[in-house]
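Worksheet: one structure, shown below.
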Amino acid sequence: MVMNGENPANGDRSDADSGPGPGSGDGPAPLGLRERKKRLTYQAVSDAAIAMFLERGFDKVSVAEVAAAADISKPTLFRYFPAKEDLVLHRFADHEDESARVVTARAPDETPLDALRRHFLDGLDRRDPVTGLCDVPQVLAFLRLLYGTPSLVARLHAYQGRSEAALARALGGTLPDRLAAGQIVAALRILALENWRRIDAGESADRVYAGAVQAAEEAFVQLRTGLEPRG
C-alpha cells in the first residue's frame with residue numbers, strides 16, 4: 001500500500017480511519033507531549049531523508065548524511081529507524097493496521113468484506129494515494145523512488161506482512177481468518193499497484209477511475225465467492 005492524507009508524502013491517519021470502533025466510548029486518548037515530540041521527530045527525519053533520496057537516489061545518500069541533515073547523531077537516527085529503508089517506509093507505518101481498523105469499526109450489520117469494499121471504493125473516489133489512484137506529482141515521485149529501489153520493495157513486504165497479521169487478528173485469528181487476510185491484503189496491493197502503473201504510464205487519475213472501480217468490484221466478488229464456482 002501507499003500513503004494517505006492530504007500531504008502526498010505523509011502517512012498520517014485520516015480522522016475516519018483513526019476513529020473509535022463500536023463500543024469504544026469516547027475513542028482513543030490524546031497523545032502525551034512526549035509521544036507528540038517523538039512523532040514530530042520521526043516525521044522531520046523522514047522528510048529530510050526522502051527529500052535527499054528523491055534528489056540524488058536512495059543508494060547514493062548515506063545514513064550519516066541524513067543524520068547530519070536532520071541535526072541528530074547516527075546512533076540516534078537508528079534508534080528511530082532500525083534500517084535505512086525505514087526512513088522511506090515510515091510513510092506506510094500508519095497504514096499497517098488500516099484494514100484491521102476498518103473491520104473493527106464497521107457497523108454491526110456490515111460484513112468485514114463489505115466494510116473493506118466500501119472503504120476502498122471511497123478511497124478511489126477521494127483519489128487517496130493508498131489506492132494508487134493519485135496523479136499528484138509528489139506522490140508519483142515518491143512511488144517511483146519506492147518501486148524503483150529493490151531494497152525498498154523488499155522491505156515493503158515486511159510492512160505488508162504486519163498488515164496481514166493485524167487484519168487476521170481483527171477477523172478472529174483462526175487459520176481461515178489468516179488465509180482470508182492474506183488474500184484480502186494481496187488483492188488490495190495488486191489493485192493499488194495496477195492503478196499506479198497506469199498513472200505512471202501517463203494516464204490521469206480521472207481517466208483511470210472507472211476502470212479502477214470495476215477492477216475493485218470484481219476483486220471483491222472474487223474474494224466473496226472464491227476462485228472457482230461451487231457446484
Side-chain angles (χ1 to χ4, degrees), residues 1-19 46-47 50 53-54 88-103 105-106 110-149 152-153 155-157 159-164 166-167 180-224:
M1 292 196 176
V2 291
M3 305 145 290
N4 197 5
E6 292 184 2
N7 181 347
N10 196 322
D12 292 343
R13 296 175 182 174
S14 67
D15 291 341
D17 288 344
S18 58
S46 180
D47 286 347
I50 289 174
F53 296 151
L54 288 174
V88 176
L89 294 173
H90 168 65
R91 292 290 180 264
F92 292 83
D94 280 348
H95 293 296
E96 284 186 14
D97 63 347
E98 182 170 329
S99 292
R101 285 184 277 116
V102 170
V103 167
R106 73 188 190 279
E110 192 174 33
T111 69
L113 271 182
D114 285 341
L116 290 165
R117 169 186 170 275
R118 170 182 52 77
H119 181 74
F120 191 79
L121 291 176
D122 179 63
L124 291 176
D125 188 58
R126 291 183 288 107
R127 306 297 191 265
D128 191 331
V130 79
T131 67
L133 192 68
C134 183
D135 52 12
V136 174
Q138 297 96 317
V139 171
L140 295 179
F142 179 91
L143 293 178
R144 288 179 185 126
L145 169 69
L146 172 64
Y147 293 120
T149 308
L152 290 174
V153 174
R155 189 73 171 178
L156 180 60
H157 290 311
Y159 279 72
Q160 292 170 337
R162 290 193 288 271
S163 177
E164 181 181 314
L167 178 56
Q183 294 175 67
I184 292 167
V185 169
L188 295 176
R189 175 182 60 80
I190 292 168
L191 289 169
L193 185 57
E194 177 62 20
N195 293 338
W196 172 74
R197 283 175 173 166
R198 289 184 62 182
I199 291 174
D200 188 52
E203 296 185 69
S204 69
D206 288 344
R207 182 177 179 84
V208 175
Y209 176 72
V213 170
Q214 181 179 351
E217 294 284 20
E218 291 173 353
F220 278 96
V221 167
Q222 190 173 89
L223 287 168
R224 186 174 289 107

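These numbers come from the heavy atoms of this one structure, side chains and all, not from hydrogens, waters or symmetry mates. All values derive from a computational prediction rather than experimental measurement.
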Rounded distance [0.5 Å steps], [atom1] in [X] versus [atom2] in [Y]:
X: R162; Y: H95; atom1: CZ; atom2: NE2; value: 14.0 Å
X: E96; Y: R101; atom1: CD; atom2: CZ; value: 10.5 Å
X: F120; Y: D128; atom1: CZ; atom2: CG; value: 9.0 Å
X: L156; Y: T149; atom1: CG; atom2: OG1; value: 11.5 Å
X: L124; Y: H119; atom1: CG; atom2: NE2; value: 10.5 Å
X: R117; Y: R224; atom1: CZ; atom2: CZ; value: 7.0 Å

Minimum side-chain heavy-atom gap [X]-[Y] below 4.5 Å:
X: R198; Y: L133; result: no
X: E217; Y: Q214; result: no
X: L113; Y: I184; result: yes
X: F220; Y: L116; result: yes
X: L152; Y: Y147; result: no
X: L143; Y: D200; result: no
X: V88; Y: F142; result: yes

Using every non-hydrogen atom in the two residues, find where [X] and [Y] come nearest and quote the distance to one decimal.
X: C134; Y: L140; answer: O-CD2, 3.7 Å
X: Y159; Y: L89; answer: CE2-O, 3.3 Å
X: D122; Y: R126; answer: OD2-NE, 2.8 Å
X: A166; Y: A100; answer: O-CB, 3.5 Å
X: A115; Y: V102; answer: O-CG1, 3.6 Å
X: S99; Y: L188; answer: OG-CD1, 3.6 Å

Taking the six-membered ring of Y209 as reference, does the cationic atom of R127 (NZ for Lys, CZ for Arg) lie under 6.0 Å from its centre and within 45° of its axis?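 Pair R127/Y209 counts as cation-pi.
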
Go through R144 and L54 one step at a time and tell me if the side-chain contact (heavy atoms from CB on, under 4.5 Å) criterion holds. CA-CA 9 Å; R144 288 179 185 126; L54 288 174; over 6 Å; no

Mark yes or no for whether R106, through its side chain, and V103, through its backbone, hold a donor-acceptor pair below 3.5 Å.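 Flag set: sc R106 to bb V103 pair under 3.5 Å.
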
Any donor-acceptor pair under 3.5 Å linking the side chain of N195 with the backbone of L191?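 At least one qualifying donor-acceptor pair exists.
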
Test item: side-chain donor near acceptor, Q222 and E218, under 3.5 Å: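 Side-chain D/A pair, Q222 to E218: absent.
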
More than 12 non-hydrogen atoms from neighbouring residues, nucleotides or ligands closer than 6.0 Å to CZ on R207, yes or no?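 No, CZ of R207 has 12 or fewer neighbouring heavy atoms, counting only those of other groups under 6.0 Å.
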
